[in-house]
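To keep things clear, I will list the structure first and then write my remarks on it.
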Amino acid sequence: MRISDVIRNKGNAVVTVRPDVDVRHLLAVLAEHHIGAAVVSSDGRVIVGIVSERDIVRALADRGATVLSETVSTIMTAAVRTCLPDAHIEELATIMTEGRFRHVPVLKEGQLAGIVSIGDVVKSRINELEVERDSLSSYIRAAST
Ligand code: AMP
């Protein structure tokens, strides 16, 4: 399955925050949307970073609660690994495993066009495996009658 299929199913909405908002605001956004990461962008289209709950935990452990008043740009990851819509879901699973992150934004013509999480990858692999299992079961049943 390709990333474009995943995006077609789940939609292309991506929660973004501006780099100059504070971490307290970021926490509210993550809680409101029940998500673990947000793409950092000034205009909602061009990516300048990604920030996840892990960045908040790390910064809190390093510097304490003063982090809540710092801007998102101080804790985000600026070197974002992205993918294209025609990438395969298996490629993304490898990228996430090797990079040890759970979110990959999708870019189309250089602009934000969706985001895939580890949850989306697992869901799509389970669906594929269920389809394979059902067709193998039908094949075995047909062969034994
Ligand atoms: P996550 O597992 O997505 O919560 O992120 C773990 C760490 O990787 C955090 O420091 C994130 O800022 C960073 N991160 C998350 N997604 C990406 C990505 N696509 N490219 C680069 N770094 C990322």
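Keep in mind that this is a model prediction, so the values were computed, not measured. Just so you know, ligand 1 is whichever comes first in the structure, and atom 1 is the first atom listed for that ligand.
When only non-hydrogen protein atoms are considered, atom 11 (C) of ligand 1 lies nearest to Asp55 OD2, 3.3 Å. Of all protein heavy atoms, the one lying nearest to atom 20 (N) of ligand 1 is Arg81 N, 2.7 Å. Taking atom 13 (C) of ligand 1 as the reference point, the nearest protein heavy-atom neighbour is Thr77 OG1, 3.6 Å. Atom 15 (C) of ligand 1 has its closest protein heavy atom at Phe101 CB, 3.4 Å. The nearest heavy-atom contact from the protein to atom 2 (O) of ligand 1 is Arg102 NE, 2.8 Å. Of the protein's non-hydrogen atoms, the one nearest atom 16 (N) of ligand 1 is His103 O, 3.1 Å.
Linking Ile, Leu, Val, Met, Phe, Trp and Tyr residues whenever their side-chain heavy atoms come within less than 4.5 Å leaves Ile3 and Ile115 in two separate clusters.
Remark: side-chain polar atoms of Arg2 are paired, donor with acceptor, to backbone N or O of Asp86 under 3.5 angstrom. Judged by distance alone, with hydrogens and angles left aside, the side-chain atoms of Asp43 form a donor-acceptor pair with the main-chain N or O of Val46 at under 3.5 Å.
With Thr16 as the fixed residue, the side-chain contact (heavy atoms from CB on, under 4.5 Å) test singles out one of Val29, Val48, Val40, Leu112: Leu112.
Contact of the Ile50 side chain with the Pro105 side chain is registered, since non-hydrogen atoms from C-beta on lie closer than 4.5 Å.
Under 4.0 Å from ligand 1, the heavy atoms of Ala79 that appear belong solely to its backbone. When non-hydrogen atoms are compared, ligand 1 lies under 4.0 Å from neither the backbone nor the side chain of Met76.
The shortest N/O to N/O separation between Ser52 and ligand 1 falls below 3.5 Å.
Annotation: the span from Glu90 atom CD to Ile95 atom CD1 amounts to 11.5 Å, rounded to 0.5 Å.
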